[in-house]
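A short write-up of the structure that comes next.
Each chain gets a letter, A, B and so on, in the order the sequences are listed, and its residues count up from 1.
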Number of protein chains: 2
Amino acid sequence: MKTKEELPACPVATAVSLIGGKWKLLILRNLKTRPWRFNELQRDLEGISQKVLTDSLRQMIDDGLAYRHDYHETPPHVEYGLTSLGREMLPIIDALADFGNYYKSIIQ
Amino acid sequence: MKTKEELPACPVATAVSLIGGKWKLLILRNLKTRPWRFNELQRDLEGISQKVLTDSLRQMIDDGLAYRHDYHETPPHVEYGLTSLGREMLPIIDALADFGNYYKSIIQ
DNA sequence: CGGAATCCATCACGATACTG
DNA sequence: CAGTATCGTGATGGATTCCG
């Protein structure tokens, strides 16, 4: 979790600093509905490497947006989901989806 | 402007492909209120280079989000603003700002 | 299954100089 | 003022190997 002093003054810049990178918004899009397992996420995001998925998830956890639950089973069973703070980002995902649909509807 | 075939199937991914990079969302935040001149934008974004600002603006124009109006004066006078399509992105900016404010309000 | 560790590639981004 | 043209670098992301 960042401290107040590390964050930009502008709220938009603050949010951007949390969802920066190529994949976090797409990860949020997936976690929106339910918890996901690691390999399940990687398969669905198609194109993301293990390293980048690991790094992205860890940053999101560190920022308080996501949680990691290890069931301590063999074979390993780990699930990732959104914290209540992470769920506060869902209006952003919804706005992105709305715009994406609109954009595709008007281009020829 | 991209064609339908170049865009991802997922609407969120479509939107992300349009606002990718480090600066476009911040540029949108500025253009939200009124048209801006080039140097004015560069000063306000503090940290962005001319090249990156030029590249970002050109992509946004190419994607139909922004326009460029050259007054053909000497000294040069050029203004950048949002198209009606670009204004459809404003809910995204608003959602980002809301979240940024909320995030800063709850961290200690 | 869910990673860690390592190495490598690319390109987004940045610095600098110059121009109509 | 509003760029263009070069050139350089470093963080981000990708490929591969190994492990409990």
Looking at the side chain of [X], which of [options] is the nearest nucleotide?
{"X": "Lys51(B)", "options": "dA2(D), dG14(D), dG14(C)", "result": "dG14(C)"}
{"X": "Asn39(B)", "options": "dG14(D), dG3(D), dA2(D)", "result": "dA2(D)"}
{"X": "Gln50(A)", "options": "dC1(C), dT17(D), dG3(D)", "result": "dT17(D)"}
{"X": "Val52(B)", "options": "dC1(C), dA15(D), dC13(C)", "result": "dC13(C)"}

Measuring to OP1 and OP2 of [N], would you say a side-chain N or O of [X] lies under 4.0 angstrom away?
{"X": "Arg37(A)", "N": "dC1(C)", "result": "no"}
{"X": "Tyr80(A)", "N": "dC1(C)", "result": "no"}
{"X": "Lys22(A)", "N": "dG14(D)", "result": "yes"}
{"X": "Arg58(B)", "N": "dA2(D)", "result": "no"}
{"X": "Arg68(B)", "N": "dG3(D)", "result": "yes"}
{"X": "Trp36(A)", "N": "dG2(C)", "result": "no"}

Write down the distance between [atom1] ([X]) and [atom2] ([N]), rounded to a whole number of angstrom.
{"X": "Gln59(B)", "N": "dC13(C)", "atom1": "CD", "atom2": "C1'", "value": "12 Å"}
{"X": "Asp55(B)", "N": "dG3(D)", "atom1": "CG", "atom2": "P", "value": "12 Å"}
{"X": "Leu57(B)", "N": "dT4(D)", "atom1": "CG", "atom2": "P", "value": "11 Å"}
{"X": "Leu26(B)", "N": "dA12(C)", "atom1": "CG", "atom2": "C1'", "value": "15 Å"}
{"X": "His69(A)", "N": "dG2(C)", "atom1": "NE2", "atom2": "C1'", "value": "15 Å"}
{"X": "Leu41(B)", "N": "dC1(D)", "atom1": "CG", "atom2": "C1'", "value": "13 Å"}
{"X": "Asp70(B)", "N": "dG20(C)", "atom1": "CG", "atom2": "P", "value": "16 Å"}
{"X": "Ile48(B)", "N": "dA12(C)", "atom1": "CD1", "atom2": "P", "value": "14 Å"}

Treating Tyr103(A) as the side-chain partner and Asp63(B) as the backbone partner, does any N or O pair qualify as donor plus acceptor under 3.5 Å? yes
Side-chain (Lys104(A)) to main-chain (Phe99(A)) donor-acceptor, under 3.5 angstrom: no
In terms of side-chain geometry, is the basic nitrogen of Arg34(B) or Glu79(B) positioned less than 4.0 Å from the acidic oxygen of its partner? no
For His69(A), enumerate each residue passing the side chain to side chain contact (heavy atoms under 4.5 Å, CB included) test, keeping only those at least two apart in sequence or located in another chain. Tyr67(A), Tyr71(A)
Touch check for Ser49(A), heavy atoms < 4.0 angstrom, all strands: base, sugar-phosphate only, or nothing? base
So what does Tyr71(A) hit on the nucleic acid, given a heavy-atom distance under 4.0 Å: a base, only sugar-phosphate, or nothing? nothing
Taking Ile93(B) as the fixed residue, which of Leu28(B), Ile19(B), Leu31(B) is the one that meets the side-chain contact (heavy atoms from CB on, under 4.5 Å) rule? Leu28(B)
Checking side-chain contact (heavy atoms from CB on, under 4.5 Å) for the pair Asp44(A)/Arg29(A): CA distance, chi angles, key distance, verdict? CA-CA 11 Å; Asp44(A) 194 78; Arg29(A) 172 204 61 188; 4.1 Å; yes
On DNA chain D, more 5' by nearest nucleotide between Pro76(A) and Gly21(A) is Gly21(A)
